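Hydrogens, waters and symmetry mates are skipped; everything else that's a heavy atom, side chains included, is used. None of these values were measured; they are calculated from a predicted model.
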There are 2 protein chains.
Amino acid sequence: MPRATITDIARQAGVSPTAVSFAFNNPSRLSPSTVERILAVAHNLGYTPNPLSRALVAGHTGMLGVIVPQTMHTIFANPFFATLFQGIGGICDQHNMGMLTLSPREESLEQALARAPVDGFIIVGLNEQHHEILPLRKRGIPFVIVDGDAETAPAVNSDDEQSTYAAAAHLLKQGHREVLILAFETPSRHLDNVFYGVGARRTWGYQRAFAEYGVHWRETWLRPTHGSLEGGAQSFGVAWDEGYRPTAVLAASDIIALGVLRAARQRGIQIPADVELIGYDDIPVAELVCPALSTVHQPIVQKGQLAGELLVAALKGEIHPEQIMLEARLVLRETTR
Amino acid sequence: MPRATITDIARQAGVSPTAVSFAFNNPSRLSPSTVERILAVAHNLGYTPNPLSRALVAGHTGMLGVIVPQTMHTIFANPFFATLFQGIGGICDQHNMGMLTLSPREESLEQALARAPVDGFIIVGLNEQHHEILPLRKRGIPFVIVDGDAETAPAVNSDDEQSTYAAAAHLLKQGHREVLILAFETPSRHLDNVFYGVGARRTWGYQRAFAEYGVHWRETWLRPTHGSLEGGAQSFGVAWDEGYRPTAVLAASDIIALGVLRAARQRGIQIPADVELIGYDDIPVAELVCPALSTVHQPIVQKGQLAGELLVAALKGEIHPEQIMLEARLVLRETTR
DNA sequence: CTCCGCCTGTTAACCCCTTTACTAAAGGCC
DNA sequence: GGCCTTTAGTAAAGGGGTTAACAGGCGGAG
């Protein structure tokens with residue numbers, strides 16, 4: 001039995017489809033008794049106007065798309081995203097919107113973007129100039145960039161370079177000279193350049209500190225790492241098992257740092273005694289784990305909120321593409337001495 | 001400038017709208033040169049078929065709705081949901097679907113359900129018989145219940161009663177007689193009955209243990225608590241500050257238990273020395289925090305996966321409404337002696 | 001007793017796209 | 001050269017709603 005349509009209700013209630021539509025959207029346009037009769041029939045058949053048709057003519061769906069170039073399985077295993085979504089979700093709550101999480105369909109971001117029934121996007125971890133993002137601009141669909149380079153689109157970022165510099169400088173100041181850097185992989189296999197978006201900015205921060213402290217920058221100490229606990233554990237583990245013996249590790253994100261923590265524990269490596277460790281993000285768990293993670297704090301929830309607000313503003317047609325830069329600061333806890 | 005439509009492309013390419021449609025959905029139906037020409041025009045204008053119209057005629061959107069009777073701000077602050085979503089998201093990855101997170105619109109779940117452009121729902125924390133869920137059934141929209149009572153709909157639950165019994169029994173066996181129970185609030189303000197769904201089952205488990213150990217069940221020791229860290233902290237804090245002095249705490253979820261941990265630390269209460277604590281869920285942080293949380297382990301990711309798979313099966317028309325019950329077991333770590 | 005305007009309800013156009021005929025031209029075959 | 005089959009494209013009918021424009025009935029004002 002197919003779903004009831006407006007016509008079915010109209011027939012059963014002995015009115016025109018228009019009347020049914022009015023009963024739902026503009027009851028004052030009809031006599032109370034008619035409204036009541038229509039609604040009764042509708043309720044009886046469990047009828048509700050098809051949201052797709054409705055959105056088609058209304059021109060909007062009330063849904064906000066969030067797109068991250070990783071699988072959802074990975075995304076939701078990372079508290080950074082959960083926390084970011086907490087911020088975005090708060091704005092959705094306020095505006096009665098739904099939040100659609102998307103990841104690349106069969107490697108194609110563009111497809112995912114094209115099929116999403118949403119009013120606008122929050123794009124995390126990609127630059128405005130990414131070739132799969134550009135079509136959105138042409139289509140006139142509003143979007144906000146989070147953690148990515150943007151010139152003309154609204155965007156929210158943290159002061160990555162500055163803060164990773166501080167993290168690296170701290171370690172170098174302590175005398176460390178063998179420092180393993182677990183950087184981000186590029187977000188898409190189609191990008192061969194490791195220096196992309198946030199990943200690039202964070203790495204540059206590390207590099208600048210090395211340069212300033214006159215420490216030779218060795219490419220082998222830089223490991224592109226999957227942004228997951230397993231990625232961090234593996235990247236550190238492999239380096240260690242290959243015989244590298246860093247005295248400190250800089251991780252481009254906390255989830256990677258947590259992976260290092262695990263891999264170190266498995267190998268009987270003491271942190272911070274044998275190896276010092278600094279992450280990035282300050283996800284909520286960071287201060288709860290043992291030892292508490294030294295990291296770079298960025299206001300993740302706020303980041304999500306701002307992104308949500310910028311998007312909502314864009315949807316309303318208020319065009320003031322701001323590029324917001326949030327402060328981030330080094331927080332030393334127990335994985336550093 | 002409004003978004004380009006199929007007609008615009010057709011006109012510019014000198015063909016009919018049908019041809020444009022074919023160029024996208026059935027290119028072999030057209031001559032290669034025409035397809036190329038159309039696609040070129042489309043690319044040029046950044047045109048992509050409107051997903052809403054497309055879904056309207058296709059009869060499906062490729063989106064899966066997840067609905068939880070809490071604000072998104074609360075949901076995403078709770079690792080239980082992030083972990084559940086990890087499981088659901090994995091299935092979405094496999095089937096190229098998007099995941100739409102919804103929370104009640106202006107207190108109305110029904111509205112949220114009605115406006116969501118999705119093919120089916122995963123409903124977390126509500127019973128099949130909930131008055132706002134029933135319409136879905138009439139409408140013939142597939143849904144799967146997670147953490148809720150279900151008789152006819154597919155559902156995934158853990159063995160709540162059994163496992164909370166084990167948790168309570170463990171504490172009572174240790175001699176505790178003053179036990180604070182932080183139970184779930186009812187999911188909706190419209191429900192006056194505290195004994196609802198998972199919350200009820202978990203509480204019954206605790207109760208049964210009390211009965212079996214001949215310990216008087218005192219209602220004042222049972223506190224309905226908001227399912228958040230703040231909720232747990234406040235509930236425990238208020239009880240303590242009112243002069244209650246439990247020697248053990250049973251929390252209906254880990255996030256609540258983490259709140260207890262924080263509130264205890266603030267008051268200088270030693271856990272487990274002064275108060276023993278057992279949570280529920282075994283969220284990933286549970287074993288990372290200090291002291292590591294004693295809790296009831298349930299396979300959260302798997303729970304999400306199963307729910308996703310049941311829904312996908314239902315969408316395909318494979319109707320075998322299974323009610324799956326997952327095992328849960330007590331895991332003693334450091335918040336118990 | 002008209003005329004006007006409001007109240008209710010209807011008809012028809014439209015939102016944007018897909019898909020099922022249907023047509024016309026081109027190619028194959030004898 | 002005539003007939004049949006492909007090939008390439010089009011027109012029209014939905015899919016399920018909303019909304020602007022319109023029509024008939026009625027009460028009240030003049």
> Got a sec, which pairs hit ring pair (Phe, Tyr, Trp, His ring centres under 6.0 Å) with one end in residues 80-119 of chain A, sequence neighbours left out?
A:Phe76-A:Phe85, A:Phe85-B:Phe76
> Check whether any side-chain heavy atom of B:Ser228 sits under 4.5 Å from a side-chain heavy atom of B:Asn78, and report yes or no.
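Sidechains of B:Asn78 and B:Ser228: no contact.
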> Side chains of A:Ile67 and A:Ser103: does their closest heavy-atom pair fall under 4.5 Å?
no
> Measure CZ/B:Phe24 against P/C:dC16 and give the value in whole Å, please.
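Interatomic distance, CZ of B:Phe24 to P of C:dC16: 15 Å.
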> Under the side-chain hydrogen bond (donor to acceptor under 3.5 Å, both in side chains) rule, collect the residues that match up with B:Thr83, sequence neighbours excluded.
none
> Atom CG of A:Asn26 and atom C1' of C:dG9: how far apart are they, to the nearest Å?
13 Å
> Across nucleotides 7-17 of chain D, 5' to 3', mark each nucleotide with B, S or - according to how protein heavy atoms within less than 4.0 Å reach it.
-BBBBB--BBS
> Would you say B:Ile88 and B:Val66 make side-chain contact, with heavy atoms under 4.5 Å?
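B:Ile88 vs B:Val66: side chains touch.
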> Got a sec, which pairs hit ring pair (Phe, Tyr, Trp, His ring centres under 6.0 Å) with one end in residues 42-65 of chain A, sequence neighbours left out?
A:Phe24-A:Tyr47
> The criterion is side-chain hydrogen bond (donor to acceptor under 3.5 Å, both in side chains); which residues satisfy it with B:Asn50, sequence neighbours excluded?
none
> Taking the side chain as every heavy atom from C-beta outward, state whether B:Pro51 and A:Val118 have any atom pair closer than 4.5 Å.
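Sidechains of A:Val118 and B:Pro51: no contact.
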> For the helix from C:dC1-D:dG30 to C:dC30-D:dG1, measure the angle between the helix axis at one end and the axis at the other, each built from five pairs, rounding to 10°.
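Axis-to-axis angle, ends of the helix: 50°.
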> What is the distance, to the nearest angstrom, from the CZ atom on A:Arg115 to the P atom on C:dC16?
19 Å
